[in-house]
Colleague: 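Take a look at this one; I'll ask things after.
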Amino acid sequence: MTRTMRSEPRAWRQLLAGEWVGAASGRTFEDLDPYSGEVFARIPAGGAEDAQRAIAAAQAAFPAWAALGARARQALFLAAAQVLERRADEVVQLMALETGCATPFARFQIQWATGLLRQAAGYPYLPGGEIVPSDTPGVFAMAVRKPLGVVCGISPWNGSLALGFRTIVAPLACGNTVVLKPSEDAPVCAGLLMAEILQESGFPPGVLNVVTHAPGEVGPIADRLFESPQVRAYNFTGSSATGARLAERAGRHLKRIALELGGYNPMIVCADADLSYSVDTAVFAAFFHQGQICMNTRKILVHRSLFDAFLERFVPRVKALEPGDPADPATKIGPLINDQALAKVRQGVDQAVALGARVLAGGTAKGRCFAPTVLVDVPADAPIHCEEVFGPVVLVEAFDDEQQAVEVANATAYGLSASIMTADVWKGITLGGQVQAGMVNVNGPTMGGEPQIPFGGVKDSGWARFGRWAIDTFTDLNLVTVSRDQRKYPL
Ligand code: NAD
């Protein structure tokens with residue numbers, strides 16, 4: 001696609017109870033293309049009334065959806081995967097224009113999301129419980145998994161399509177109905193587009209409802225979603241700061257919340273690692289999607305014996321990564337999502353430099369494109385030393401012994417993903433066991449993940465687990481007993 005082929009911005013609507021509707025207030029907002037700054041789409045600026053309608057629609061649709069047979073439910077998820085595959089080229093363009101996502105990550109997301117839909121199609125056929133031995137003669141006890149009811153999904157903008165689908169698919173496959181509130185930075189690709197795909201695939205009205213809001217206006221919708229007794233659980237992916245606030249809110253109402261949060265992901269390059277493969281891995285893991293993935297490598301710890309050689313190969317490779325227009329299929333690195341994101345990245349780098357860090361590559365921006373950046377000598381008091389800066393910036397540090405590398409890797413509040421490069425796999429597994437991360441990759445990038453894995457973090461990176469482990473989160477385990485005989489009681 002070229003920029004000249006672009007048409008008028010589309011006016012999207014929210015999906016409530018199977019109907020495409022504007023906001024109750026009639027207001028809309030402009031959803032901007034991060035590369036050009038042009039209006040990509042017009043989006044309903046929803047509020048409390050829209051959230052209430054969405055909750056009521058999900059509640060009304062729940063009994064029939066929960067009772068739908070496994071075969072019928074499976075067919076819907078398989079159909080959705082097919083629709084997404086058929087619409088792949090269009091979806092790639094939408095992700096480029098709405099979120100600045102270049103083609104390689106957009107294609108990855110589509111492949112990931114179709115895999116997720118096809119795997120979830122099998123969930124209705126998984127055992128729905130187990131028989132529990134009873135100490136009482138003649139009593140038959142069953143632990144039965146049941147859907148919760150209405151689940152609220154809150155999605156981020158960064159892996160818009162993949163994480164948008166991850167926000168809704170497991171809850172739906174477990175028999176819940178969903179109210180989805182997508183990020184204001186990706187209301188289409190992390191929300192409305194998925195609703196369109198599920199509707200086209202035949203999902204019944206009210207099973208998925210999407211309510212959108214303008215930047216700075218999440219408050220009234222969030223109040224309704226968190227205070228409604230009809231919403232039983234939350235599936236949140238986003239920053240640790242927001243996650244902590246929402247966990248507190250959910251806790252106040254004794255509701256369950258799945259949290260997938262930020263990361264500060266270390267890569268440890270041991271003295272015996274393959275240097276050339278380590279450099280390839282680092283370039284990909286640090287800069288894919290211009291560093292806007294929760295699993296991007298933020299700090300590379302290199303054994304001192306390899307440090308100079310590593311930088312000699314790594315820095316020119318990073319300098320060669322030229323950001324550009326994500327709508328051009330040849331582009332590999334696109335823009336940051338918005339001006340605030342750009343300002344945060346710039347601030348993180350500037351603070352580090354003011355405190356003595358050296359910039360070996362990048363450090364500059366053109367429009368919203370921040371050049372892939374390599375920092376060394378970052379002092380411990382620079383925030384970027386242990387806090388997530390969500391952009392194309394990586395720190396490189398030398399270490400002398402592996403225990404020291406593990407200590408540095410763990411000296412952050414996060415614990416999402418880590419990678420260890422070594423010729424000795426057992427050493428990799430041993431060090432991996434000492435690194436505080438939900439996902440450890442020996443001789444692989446911090447950045448990756450397939451739909452079936454128990455994706456998730458520890459510490460401030462959250463506690464949710466996806467893959468089939470999500471079934472435990474989005475169902476209740478109920479006990480049902482049956483007594484064969486009349487029982488004798490002590491009273
Ligand atoms: P964010 O926390 O700013 O927003 C995430 C979502 O929360 C958005 O939909 C936003 O509208 C909503 N939100 C914000 N304040 C809210 C409130 N008060 N009430 C209700 N909803 C509210 O995060 P982001 O900028 O969209 O995403 C980037 C962050 O997400 C990074 O920290 C990244 O590491 C993290 N992330 C984690 C994972 C993971 O799987 N662990 C995946 C992707 C992104």
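This one's a predicted model, so the numbers in the text were calculated from it and none came from an experiment.
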Colleague: Could you walk me through whether W469 and F455 pass ring-ring contact (aromatic ring centres under 6.0 Å, His included), step by step?
Modeller: CA-CA 9 Å; W469 295 270; F455 188 105; over 10 Å; no
Colleague: Any Lys/Arg nitrogen of R465 or D472 sitting under 4.0 Å from an Asp/Glu carboxylate oxygen of the other?
Modeller: no
Colleague: Got a list of side-chain donor-acceptor pairs under 3.5 Å for residues 368-384, not counting sequence neighbours?
Modeller:
unit_1, atom_1, unit_2, atom_2, d
R368, NE, D339, OD1, 2.8
R368, NH1, P34, O, 2.8
T373, OG1, G363, N, 2.8
T373, OG1, A371, O, 2.6
D377, OD2, R358, NE, 2.8
D377, OD2, R358, NH2, 3.2

Colleague: Would you say W65 and R73 make side-chain contact, with heavy atoms under 4.5 Å?
Modeller: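 Side chain of W65 against side chain of R73, heavy atoms only: contact under 4.5 Å found.
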Colleague: From T103 OG1 over to F108 CZ, what is the distance, rounded to the nearest 0.5 angstrom?
Modeller: 15.0 Å
Colleague: Any chance you could lay out the salt bridge (charged side-chain N to carboxylate O under 4.0 Å, His left out) test for E85 and R118, step after step, and finish with the verdict?
Modeller: CA-CA 12 Å; E85 253 165 15; R118 292 203 168 104; 3.0 Å; yes
Colleague: Over all heavy atoms of both residues, which pair between S278 and V269 is shortest? Give the atoms and the distance, please.
Modeller: OG-CG1, 3.8 Å
Colleague: Which pair of non-hydrogen atoms, one from T475 and one from L148, has the smallest distance, and what is that distance?
Modeller: C-CD2, 3.5 Å
Colleague: Keeping to residues at least two apart or across chains, list the salt bridge (Lys or Arg N to Asp or Glu O under 4.0 Å) pairs with something in residues 294-312.
Modeller: K299-E397, R304-D400
Colleague: Judged by atom type as modelled, is there a donor-acceptor pair below 3.5 Å linking the side chain of D274 to the main-chain atoms of S276?
Modeller: yes
Colleague: Between I300 and A282, what is the shortest heavy-atom contact and its length?
Modeller: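 Minimum heavy-atom contact is CD1-CB, 3.7 Å.
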Colleague: Please, which pairs that meet salt bridge (Lys or Arg N to Asp or Glu O under 4.0 Å) have at least one residue in residues 443-460, sequence neighbours excluded?
Modeller: none
Colleague: Identify all side-chain donor-acceptor contacts of residues 187-194 below 3.5 Å with residues at least two apart in sequence or on another chain.
Modeller:
none

Colleague: Run the numbers on M421 and M267 for side chain to side chain contact (heavy atoms under 4.5 Å, CB included), then give the verdict.
Modeller: CA-CA 8 Å; M421 310 301 285; M267 173 178 178; 3.5 Å; yes
Colleague: With a 3.5 Å cut-off and sequence neighbours excluded, list the donor-acceptor pairs that the side chains of residues 412-419 form with protein atoms.
Modeller:
unit_1, atom_1, unit_2, atom_2, d
T412, OG1, C386, O, 3.4
T412, OG1, Y414, N, 3.0
S417, OG, T446, O, 2.7
S419, OG, G444, O, 3.3

Colleague: Could you give all pairs that pass the salt bridge (Lys or Arg N to Asp or Glu O under 4.0 Å) test and reach residues 435-445, with sequence neighbours left out?
Modeller: none
Colleague: Ignoring hydrogens, what is the shortest heavy-atom contact between E98 and I337? Give both atom names and the distance.
Modeller: O-CD1, 4.1 Å
Colleague: Give the table of side-chain donor-acceptor pairs shorter than 3.5 Å for residues 158-167, with sequence neighbours excluded, one pair per line with atom names and distance.
Modeller:
unit_1, atom_1, unit_2, atom_2, d
N158, ND2, Q292, O, 2.9
R166, NH2, T237, OG1, 3.2
T167, OG1, L163, O, 2.6

Colleague: Looking at side-chain heavy atoms only, is the closest gap between L208 and L180 below 4.5 Å?
Modeller: yes
Colleague: Minimum heavy-atom separation for A286 to N296, with atom names?
Modeller: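 It is O-ND2, 3.6 Å.
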Colleague: If you look at every heavy atom in G243 and L259, which pair is closest and at what distance?
Modeller: O-CD2, 3.9 Å
Colleague: With sequence neighbours excluded, what pairs up with E402 under the salt bridge (Lys or Arg N to Asp or Glu O under 4.0 Å) test?
Modeller: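 So E402 forms a salt bridge (Lys or Arg N to Asp or Glu O under 4.0 Å) with K427.
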Colleague: Could you tell me whether the side chain of T297 and the main chain of P266 form a donor-acceptor pair under 3.5 Å?
Modeller: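 No.
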Colleague: Given V283 and F314, is the side chain to side chain contact (heavy atoms under 4.5 Å, CB included) satisfied, shown in steps?
Modeller: CA-CA 7 Å; V283 171; F314 182 59; 3.7 Å; yes
Colleague: Rounded to the nearest 0.5 Å, how far apart are OG1 of T422 and CG of L431?
Modeller: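 It comes to 7.5 Å.
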Colleague: Run the side chain to side chain contact (heavy atoms under 4.5 Å, CB included) test on K332 and E322 for me, step by step, so that the C-alpha distance in whole Å, both residues' side-chain angles and the decisive distance to 0.1 Å come before the verdict.
Modeller: CA-CA 8 Å; K332 298 215 163 69; E322 184 72 27; over 6 Å; no
Colleague: So, H303 versus F399, ring centres under 6.0 angstrom or not?
Modeller: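 Yes, close enough.
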Colleague: In sequence, state the C-alpha distance, the side-chain angles, and the governing distance for F203 and F77, and then conclude on ring-ring contact (aromatic ring centres under 6.0 Å, His included).
Modeller: CA-CA 9 Å; F203 277 69; F77 284 96; 5.2 Å; yes
Colleague: Does D31 reach the main-chain N or O of F40 with its side chain, forming a donor-acceptor pair under 3.5 Å?
Modeller: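 No: the side chain of D31 does not pair with the backbone of F40.
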Colleague: Suppose we screen for side chain to side chain contact (heavy atoms under 4.5 Å, CB included). Which residues come up paired with T242, at least two apart in sequence or across chains?
Modeller: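 Expected list: F236, S239, R245, L246.
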Colleague: Taking salt bridge (Lys or Arg N to Asp or Glu O under 4.0 Å) as the test, write out the residues that go with E90, two or more places apart.
Modeller: R87
Colleague: Quick one, L117 with L78, criterion side chain to side chain contact (heavy atoms under 4.5 Å, CB included). Give me CA distance, side-chain angles, the key distance, then yes/no.
Modeller: CA-CA 7 Å; L117 286 162; L78 293 177; over 6 Å; no
Colleague: Do the side chains of N235 and I154 get nearer than 4.5 Å, heavy atoms only?
Modeller: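 A side-chain contact under 4.5 Å is absent here.
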Colleague: Does Q290 use its side chain to pair, donor to acceptor, with the backbone of I333 at less than 3.5 Å?
Modeller: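 Checking the backbone N and O of I333 against the side chain of Q290, no donor-acceptor pair under 3.5 Å is found.
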Colleague: Enumerate the residue pairs fulfilling salt bridge (Lys or Arg N to Asp or Glu O under 4.0 Å) with a member in residues 175-190, sequence neighbours excluded, ordered by first and then second residue.
Modeller: none
Colleague: Could you list the residues that satisfy side chain to side chain donor-acceptor pair (under 3.5 Å) with D89, not counting sequence neighbours?
Modeller: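 Partners of D89 by the side chain to side chain donor-acceptor pair (under 3.5 Å) criterion, ordered by chain and then number, come out as R107.
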Colleague: Any heavy-atom pair between the side chains of L84 and I110 that's under 4.5 Å?
Modeller: yes
